[in-house]
Amino acid sequence: MKRQADLRDRAALDAVFAAHEIDSVIHFAAKKAVGESTRIPLEYYDINVTGTVNLLLAMTRHGARRVVFSSSCSIYGETPKVPLDEDDPAAPANPYARTKYLCEQLLADACARYPELSVIALRYFNPIGAHPSGEIGEDPTGVPNNVLPYMAQVAVGRLTELPVFGDDYPTPDGTGVRDYIHVSDVADGHRVALDHLDDEQGLRVFNLGTGTGASVLELLAEFTKAVGTPIPYRIQARRAGDVPTLIADPGRVERAWGWRTTRDLTAMCADAWRFQRLHPNGYSSGPPTV
Ligand code: UDP
């Protein structure tokens with residue numbers, strides 16, 4: 001049985017659901033880079049939106065009814081409000097964010113039509129870090145789109161300097177502020193969400209963030225501490241589609257499930273650096289061992 005299928009391939013998806021009794025799905029598969037989405041928007045709609053439609057079609061055909069969906073804080077867009085809660089209005093500012101917003105809407109419409117569905121959309125803020133073992137981490141293909149893997153590749157000498165996209169935002173040091181969350185907290189959040197899928201039917205939306213923001217320069221300073229040597233950077237123009245500040249109000253998840261994140265920026269940077277140091281060329285030297 002094939003263990004990999006493209007969400008755009010409806011026949012392959014049907015075969016997966018026909019071959020297994022699947023009661024819950026964690027739907028991660030999507031493209032996720034803001035800058036890239038402004039360059040190849042149609043691919044983003046195809047993979048992220050069509051992929052989700054196809055998944056729901058297959059699920060409803062085969063009686064699978066529970067989904068945890070990877071949504072995104074980018075849905076909130078350029079809003080002056082800090083922190084953001086789930087009832088704040090959506091104002092997606094780029095194609096990536098619009099695909100995630102559309103997916104939430106199509107999930108809501110699917111839930112209205114199929115009341116037996118239980119769907120939890122987790123609006124991730126900015127996941128960074130790696131498994132603390134140093135054996136599972138981020139290994140983007142090509143030049144990294146996201147800030148932390150870029151920094152990490154500069155630190156190991158694969159790239160020469162970090163471009164800092166804009167220092168004229170209305171933030172304390174002028175660089176973009178984000179709510180970085182450790183990938184292990186993201187993983188824990190999914191496990192807890194799975195446990196709570198049956199609490200209610202229909203679509204529920206939760207922020208997955210820490211409630212604390214860091215600017216690009218603050219993140220760079222923390223990562224530099226983990227590395228122990230300076231990381232060259234250069235201020236550049238703003239990147240298309242970026243917004244100044246995105247920070248979560250993590251209260252809803254805490255009130256609903258008694259759960260909150262436990263790892264801070266220091267741990268995120270230390271763990272990310274451990275992975276990059278142990279795997280300077282990512283997984284190209286072999287698959288992860290855990
Ligand atoms: N950023 C940067 N240099 C990079 C990549 C990103 O300065 O090489 C900034 C970006 O402008 C934003 C923050 O880092 O303020 C986080 O960007 P990232 O792409 O990691 O995540 P996003 O918030 O776009 O999902």
Side-chain angles (χ1 to χ4, degrees), residues 28 30-41 44 48 70-80 82-84 90-101 103 122-130 137-156 158-183 186 207-224 231-248 265 268-269 272-273 276:
F28 295 113
K31 291 190 78 64
K32 65 162 186 65
V34 167
E36 183 185 58
S37 78
T38 64
R39 293 192 295 276
I40 52 167
Y44 269 67
N48 295 6
S70 306
S71 190
S72 168
C73 66
S74 61
I75 279 181
Y76 297 114
E78 189 151 5
T79 156
V82 176
L84 291 154
N94 55 68
Y96 164 67
R98 280 187 281 275
T99 66
K100 289 295 174 180
Y101 185 49
C103 285
L122 298 175
R123 290 183 176 165
Y124 305 173
F125 278 65
N126 283 62
I128 59 168
E138 210 170 346
D139 181 18
T141 42
V143 177
N145 287 297
N146 295 113
V147 67
L148 196 88
Y150 204 112
M151 264 178 216
Q153 292 197 14
V154 173
V156 288
R158 285 170 64 184
L159 294 165
T160 52
E161 61 182 16
L162 173 75
V164 173
F165 295 138
D167 68 347
D168 56 351
Y169 284 107
T171 61
D173 65 19
T175 65
V177 169
R178 295 290 182 274
D179 182 338
Y180 295 98
I181 172 172
H182 196 296
V183 285
V186 174
N207 284 341
L208 213 51
T210 66
T212 305
S215 71
V216 177
L217 294 180
E218 284 167 340
L219 178 67
L220 181 64
E222 195 61 50
F223 192 68
T224 303
I231 296 168
Y233 70 95
R234 188 183 302 267
I235 305 292
Q236 295 198 0
R238 293 181 179 192
R239 182 174 65 177
D242 271 350
V243 299
T245 302
L246 288 169
I247 298 175
L265 199 65
M268 298 177 212
C269 290
W273 174 236
Q276 194 72 70

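Indexing begins at 1, ligand by ligand and atom by atom, following the structure's order. Nothing fancy with the numbering, it's 1 onward along the sequence.
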Report the distance from atom CG of Asp179 to atom CG of Leu84, rounding to the nearest 0.5 Å.
-> 9.5 Å

Distance filter under 4.0 Å to Arg239 heavy atoms, resulting ligand 1 atoms | 5 (C), 6 (C), 10 (C), 17 (O), 18 (P), 19 (O), 24 (O)

For residues Asp242 and Asn94, determine if any side-chain heavy atom of one lies less than 4.5 Å from a side-chain heavy atom of the other.
-> no

Which option, Met151, Arg178, Lys32, owns the non-hydrogen atom nearest atom 12 (C) of ligand 1?
-> Arg178

Looking only at protein heavy atoms, what sits closest to atom 9 (C) of ligand 1 is Val216 CG2, 3.6 Å

Considering only heavy atoms of Tyr180, which atoms of ligand 1 have at least one such atom less than 4.0 Å away?
-> 13 (C), 16 (C)

Reported CZ-to-CH2 distance for the pair Phe223 and Trp273, which is rounded to 0.5 angstrom | 6.0 Å

Which residue owns the protein heavy atom closest to atom 25 (O) of ligand 1, what's the atom, and how far is it?
-> Asn126 ND2, 3.7 Å

State the atoms of ligand 1, each with its element, that fall below the 4.0 Å cut-off from a heavy-atom position in Asn145.
-> 5 (C), 19 (O)

Within 4.0 Å of some non-hydrogen atom of Asp242, the atoms of ligand 1 are 10 (C), 11 (O)

With Arg238 as the cation and Tyr169 as the aromatic partner, state whether NZ or CZ is under 6.0 Å from the six-membered ring centre and within 45° of the axis.
-> yes

Answer with yes or no whether Phe125 contacts ligand 1, where contact means a heavy atom under 4.0 Å from a ligand atom.
-> no

Taking N or O atoms only and a 3.5 Å limit, does Val177 qualify as a polar contact for ligand 1?
-> no

OG1-CZ distance between Thr175 and Phe165, expressed to the nearest 0.5 angstrom = 12.5 Å

Looking at Lys32, Lys100, Lys31, Glu36, which one forms a side-chain hydrogen bond (donor to acceptor under 3.5 Å, both in side chains) with Tyr44?
-> Glu36

Ring pair (Phe, Tyr, Trp, His ring centres under 6.0 Å) partners of Tyr124, counting only residues at least two apart | His190

What are the atoms of ligand 1, with element, lying closer than 4.0 Å to any heavy atom of Gly176?
-> 15 (O)

Inter-residue atom distance Leu148.CG - Arg178.CZ, 0.5 Å rounding = 14.0 Å

At what distance is the nearest protein heavy atom to atom 18 (P) of ligand 1, and which residue and atom is it?
-> Asn146 ND2, 3.4 Å

Shortest non-hydrogen contact from Val154 to Leu162?
-> CG2-N, 3.8 Å

Val147 contact mode with ligand 1 (heavy-atom cut-off under 4.0 Å) | both

Number the atoms of ligand 1 from 1 as they appear, then name those within less than 4.0 Å of a heavy atom of Pro163, with their elements.
-> 2 (C), 3 (N), 4 (C), 7 (O), 8 (O)

What atoms of ligand 1 come within less than 4.0 Å of a heavy atom belonging to Val164?
-> 7 (O)

Quick one: CD1 on Ile181 to CG on Leu265, what's the gap to the nearest 0.5 Å?
-> 12.0 Å

Atom indices of ligand 1, in the order listed, that fall short of 4.0 Å to a heavy atom of Val34 = 24 (O)

Which is closest to atom 7 (O) of ligand 1 by heavy-atom distance: Tyr96, Phe165, Tyr124?
-> Phe165

